[in-house]
Every structure is written in C-alpha cells, then in structure tokens.
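Working notes for the structure below.
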Amino acid sequence: MFKDQKFKLDHLNDIEDPITAYKQDNFADLCRGPHVKHTGLIKHFKLLSLAGAYYKGDSKNEQLTRIYGTCFFSAEELENHLKLLEERNQSDHRKLGKELGLFMISDYGPGFPFFLPNGMILRRELENFWYDICEKRGYVFVKTPIILSRELWETSGHWANYKDNMYTTKIDDKDYAIKPMNCPGGMLVYANSIHSYRDLPLRVGELGLVHRHEASGALNGLFRVRSFTQDDAHIFLRPDQLEDEIKELLRLYDDVYKVFGLSYYIVLSTRPENKYIGDIETWNRSEAILANCLKESGIDFKINEGDGAFYGPKIDIKVLDALHRVHQTATIQLDFQLPIRFDLSYKSADGTMERPVMVHRAILGSVERSFAILLEHYKGKWPFWLSPRQAIVIPVNASCMEYAQKVKQTLWDNHFQVELEESGRTLNKMVREAQLAQFNYILVVGNKEAETNSVAIRSRDNAMLGVKTLDECITMFKELEESYQ
C-alpha cells in the first residue's frame, strides 16, 4: 500500500501496535483514525497556517510542511473560534513584550531570554511576591551552584534519565553539567547539617536558574525556553507530617492563583512506564497518598497515567488564563527516592536515624513562563502592585514643571514606579499616550495643584478620581500594593 511513500515505510518500523489504515476513495492514510466517512461532511473549516517541520523532529532529516487547520459543526462556532484566535494573537506575549519593552530574545542565544528594564521591574515584583508568601509560611532560602560534577547527576539519576536534555562541559578533565533542576543541590544542602525530628518539616526554597536543551522547533517566546528560573522548594518531612503538608500546599496554591484571578484544575500524574527509579510498591503508596490528600481537600482531579517524574508521582496544576488556554505551572512531587540515593537522615525521638520523605514543590513553575502567562492574561494592563508603570506626572504647562518634578521625586522616594512627562505637547495628547502606554494612574498638576500640594488623578481607563493631596495619593498607592490590586 505504501511502497512509494518513504516516510510511511520508515514510520512503520517504529510501530509496535497493530497497524491501521483509513481509506477515502483512492486515498489511504496510515492512521489510528477514525476519519469522517467523506470530506463532504467537513463544511465549516479554515486553514490557519503553514510551518516547516523536520521529519521526526530531527534537523538532520528532511524538512516537511505542516498545515494547520480547524473545523466546526456550524459556521457560528467557527466564527467564534476565529475571533478568539484573533484575540489571542493580539495578546500574544511575544508581541506585547516587544511593544511594552519587557523582554527580548537574540539570534545570538535562541531560547535564552533577555529581560529589559521594565521587564525587570515586573520580574522583581513577582519574585518579591514569591519570597513574601514563602517567608510567611516558614521557608528558608538557599542558592546552589549552576554547574556541578557528573558524579552528582549520576547519584540523582539525572545522568541516566535526563542527559539528552542537559548541557555538559569538562573542567580539569572531569565531566560537569549545567543544572537542569535544582533538586540535587538541595540534597547537598540538607546533607550538610545534622537534623533532628524537631527540625522537620524543613522548607528550603530556591529561585534557581536552570538550563535544559529544548529542540529549536519547540522554542516559544517565554513559554518554552532553554534557560529559566524555577521557583523551587524542597520540603523534608517525617512520614507522619506528609499529608498535612500536602494539604497546606494545596491551600497555598489556591491563595496564590486567586491573587492573579486565574482559575485552574488539577491532574495527578502517575508512574512512567519505563524511565523510573524505585520499587513499584513505593510508587503505589505514593500515588495513593497524593490521591487521598486531594480527595480529603475536596478537590476534583484527573489522572494522567505515566506522566510522573522519574523519581515519583506528582500533582500538576493546570492554569486557565483569560482566553481559556491551559498552562502547566505549579507542581507537588512526592519523592522517596532521592533521600535514599543521597543517604539523607534525621535523628528520631528515640535517637535512631530515620529517612526523611521529600516533597518537591513549585508555585509559579518558572518565573519566565508565569511572566508570559500573566502578560497575556492581563494583556499588559498590570495590576498596580506588579506594574512597571504605576504612575506618570503630567504638568499642564511649563510653569508647573518644578512642582511636577517634586511630585515625581516624592513618589519615587516612596518606591513607586513613576515617570515625568516633559514633552510639552497638548494635555489631551499627553494623557491619551499615557493611557495607551498602560500607566495605571495619570497625575495631572497645574498651578492650583502646586499651591495645595495636590494632584488630579485619573486612571488609564479614564476614570476621574478627583484631586488628592500628595500624602493621600501615597496612602492610596500603598494600600493598592499591600492588597495586591
């Protein structure tokens, strides 16, 4: 059937399951199917785009053309979908990131993002938010090296299970690897001290820069990069503390995503079919613990068979943004294996040495991916506490410039992101451009405001908030920051 189709002949060599083909008229396709009975049933469709794709994703193979299309049962459904796609295109984080001067990616480093000044303001606020919520829950923080020796990665299991995605190098004729994960470094931190059962749970957080080799065709703005910062924590526990800690983590995630107005659902990912470490009995027990915590917390969840980490099952948080797209972000990973591999222990109440259980957890998943999700979610209209452009001061005329400079400096001294409009154009034009630039608040000052040490405030949505004294304005801004508005 496929003697003249070399790609299908090659693909047949990889198929272990029963082979199926679907035929329509004189066209037969190697496919699991099912297909529609005839193409006349496909009435409401649109071809969307073309893309080059290397055969089997390998740049050494021939390049093919991939055709993307979509089809719906009715013209109305198709039209609604196309409108949603256009809206998504307008809020694409790559487009917004360029327009708002937040980040860039250079041909000198595909997959290695650069954060620009306004992007760094946002990133810093996001990281400060992470530190704040962790500190309130008893976390301590560490920073581990970015390059560590091959022996460490062999002990952790990464060298055997993840080497193809790791960047390696030689130092003093020894093999080293740039870390793709923070976990092994976290094991060394724990092993550096003697621990008692009274120390546990020990919650150790790290905003750690990691590198993973992703295929060039998989790179996608900040969603899929080769260098990113994981908001990791490794929590070391006694077995009797495990379920309480996981339930508390589920409450933490709910609190965090409510701040951003993001909805989500939860998936329980179980043991991989082949690449895993440890015995099946331990895996089964671990999966049962996670499932029980979800059930007792009243959380519905789906099972994702075989998608666990190689060292343990995990709970994955799937976030839905404002345009109903699904993103993988937070995770809770239960790990009985690395404490064994690194021979971790703590002294129990009776003086014997016991093995701790470990939970890997991330809230944002990665700073870069969360940055992209939030950029598309808010469409660049950041809440005040995150915004790199919290306010702009606009003088009505040149005679007010000295007072406008004073207002700007006073707000700056109170740690607000504020700019001064000095172009001298018409007031309407300056206000309009400030709104398009997504300044949260526009502070207009004239001779009257200078005399009363006040500002006339309007929002980027042109809501007139009236005249407030400078002190009242500062109080309002502080309340907005503290309430994450």
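Predicted model only: the values in this text are computed from it and were never measured.
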For the backbone of [Y] and the side chain of [X], can you confirm whether one donor and one acceptor N or O come within less than 3.5 Å of each other?
| X | Y | value |
| --- | --- | --- |
| Gln230 | Leu364 | no |
| Ser196 | Arg198 | yes |
| Gln485 | Ser483 | yes |
| Asn440 | Trp382 | yes |
| Arg369 | Gly365 | no |
| Trp159 | Leu152 | no |
| Asp132 | Asn128 | no |
| Arg66 | Gly52 | no |
| Arg212 | Pro180 | yes |
| Asp231 | Ile363 | yes |

In plain terms, say whether [X] and [Y] are close enough for a salt bridge, that is, a side-chain N and a carboxylate O under 4.0 Å apart.
| X | Y | value |
| --- | --- | --- |
| Lys302 | Asp316 | no |
| Lys56 | Asp14 | yes |
| Glu482 | Lys478 | no |
| Arg361 | Asp232 | no |

Can you find a pair of side-chain heavy atoms, one from [X] and one from [Y], that are under 4.5 Å apart?
| X | Y | result |
| --- | --- | --- |
| Ile289 | Glu243 | yes |
| Tyr484 | Pro383 | no |
| Arg355 | Tyr346 | no |
| Leu30 | Gln5 | no |
| Cys183 | Leu338 | yes |
| Leu78 | Phe45 | no |
| Arg203 | Val140 | no |
| Ile133 | Val256 | yes |

In sequence, state the C-alpha distance, the side-chain angles, and the governing distance for Ser227 and Leu209, and then conclude on side chain to side chain contact (heavy atoms under 4.5 Å, CB included). CA-CA 7 Å; Ser227 171; Leu209 180 65; 3.5 Å; yes
About how many Å separate [atom2] of [Y] and [atom1] of [X], when rounded to the nearest 0.5 Å?
| X | Y | atom1 | atom2 | value |
| --- | --- | --- | --- | --- |
| Thr270 | Asn284 | OG1 | CG | 9.5 Å |
| Ser263 | Lys258 | OG | NZ | 12.5 Å |
| Leu386 | Leu126 | CG | CG | 6.0 Å |

Evaluate the ring planes of Tyr167 and His213, with Trp represented by its six-membered ring, and classify them as parallel (under 30°), tilted (30 to 60°) or perpendicular (over 60°).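 Ring orientation of Tyr167 relative to His213: perpendicular.
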Whether His234 and His360 hold their rings parallel, tilted or perpendicular, with breakpoints at 30° and 60°: perpendicular
Trace of the salt bridge (charged side-chain N to carboxylate O under 4.0 Å, His left out) decision for Lys83 with Glu77: CA-CA 10 Å; Lys83 285 180 180 176; Glu77 288 175 296; over 6 Å; no
Apply side-chain hydrogen bond (donor to acceptor under 3.5 Å, both in side chains) to the pair Thr329 and Tyr257, showing each step before the final yes or no. CA-CA 11 Å; Thr329 54; Tyr257 286 111; 2.9 Å; yes
So, [X] versus [Y], ring centres under 6.0 angstrom or not?
| X | Y | answer |
| --- | --- | --- |
| Phe115 | Phe371 | yes |
| His327 | Phe223 | yes |
| Tyr190 | Phe236 | yes |
| Trp385 | Phe129 | yes |
| Trp130 | Phe141 | yes |

Might you work through the side chain to side chain contact (heavy atoms under 4.5 Å, CB included) test for Thr70 and Phe72, ending with a clear yes or no? CA-CA 7 Å; Thr70 189; Phe72 285 83; 3.3 Å; yes
Does the salt bridge (charged side-chain N to carboxylate O under 4.0 Å, His left out) test come out yes or no for Glu214 and Arg224, once each step is laid out? CA-CA 8 Å; Glu214 302 283 359; Arg224 183 61 67 89; 3.3 Å; yes
Give the intermediate values and the outcome of salt bridge (charged side-chain N to carboxylate O under 4.0 Å, His left out) for residues Asp17 and Arg32. CA-CA 10 Å; Asp17 297 328; Arg32 287 187 178 182; 3.1 Å; yes
Carefully, step by step, assess Glu287 and Arg271 under the rule salt bridge (charged side-chain N to carboxylate O under 4.0 Å, His left out). CA-CA 8 Å; Glu287 291 169 7; Arg271 176 173 53 84; 5.0 Å; no
Show your reasoning for whether side-chain hydrogen bond (donor to acceptor under 3.5 Å, both in side chains) applies to Ser345 and Glu354. CA-CA 5 Å; Ser345 62; Glu354 301 289 342; over 6 Å; no
Evaluate side-chain hydrogen bond (donor to acceptor under 3.5 Å, both in side chains) for Gln390 paired with Ser387, printing each intermediate quantity in order. CA-CA 6 Å; Gln390 292 177 319; Ser387 180; over 6 Å; no
From the options Leu334, Leu242, Val357, select the one residue that forms a side-chain contact (heavy atoms from CB on, under 4.5 Å) with Ser286.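 The option that passes is Leu334.
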Which residue, Ile332, Ile246, Ile315, Asp300, forms the side-chain contact (heavy atoms from CB on, under 4.5 Å) with Leu294?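 The residue from Ile332, Ile246, Ile315, Asp300 that satisfies side-chain contact (heavy atoms from CB on, under 4.5 Å) with Leu294 turns out to be Ile315.
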Would you sort out whether Met353 and Lys347 count as a side chain to side chain contact (heavy atoms under 4.5 Å, CB included), showing the intermediate values? CA-CA 5 Å; Met353 301 307 292; Lys347 185 175 285 188; 4.0 Å; yes
Selection residues 370-381 - residue pairs positive for side-chain hydrogen bond (donor to acceptor under 3.5 Å, both in side chains), sequence neighbours left out: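 Output for this query lists Glu87-Lys379, His93-Glu376, Arg325-Glu376, Lys381-Asp461.
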Does anything in residues 35-55 pair up under side-chain hydrogen bond (donor to acceptor under 3.5 Å, both in side chains), and if so which pairs, sequence neighbours excluded?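 Every side-chain hydrogen bond (donor to acceptor under 3.5 Å, both in side chains) pair that includes a residue of residues 35-55, provided the two are not neighbours, is Asp10-Tyr55.
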State, without any angle test, whether Glu151 and Ser149 hold a side-chain donor-acceptor pair at a distance under 3.5 Å. yes
Verify side chain to side chain contact (heavy atoms under 4.5 Å, CB included) between Tyr131 and Leu207, making sure each step is shown before the conclusion. CA-CA 9 Å; Tyr131 277 116; Leu207 283 177; 3.5 Å; yes
Taking atom CD1 of Ile194 as the centre, does the number of heavy atoms from other residues, nucleotides or ligands within less than 6.0 Å exceed 12? no
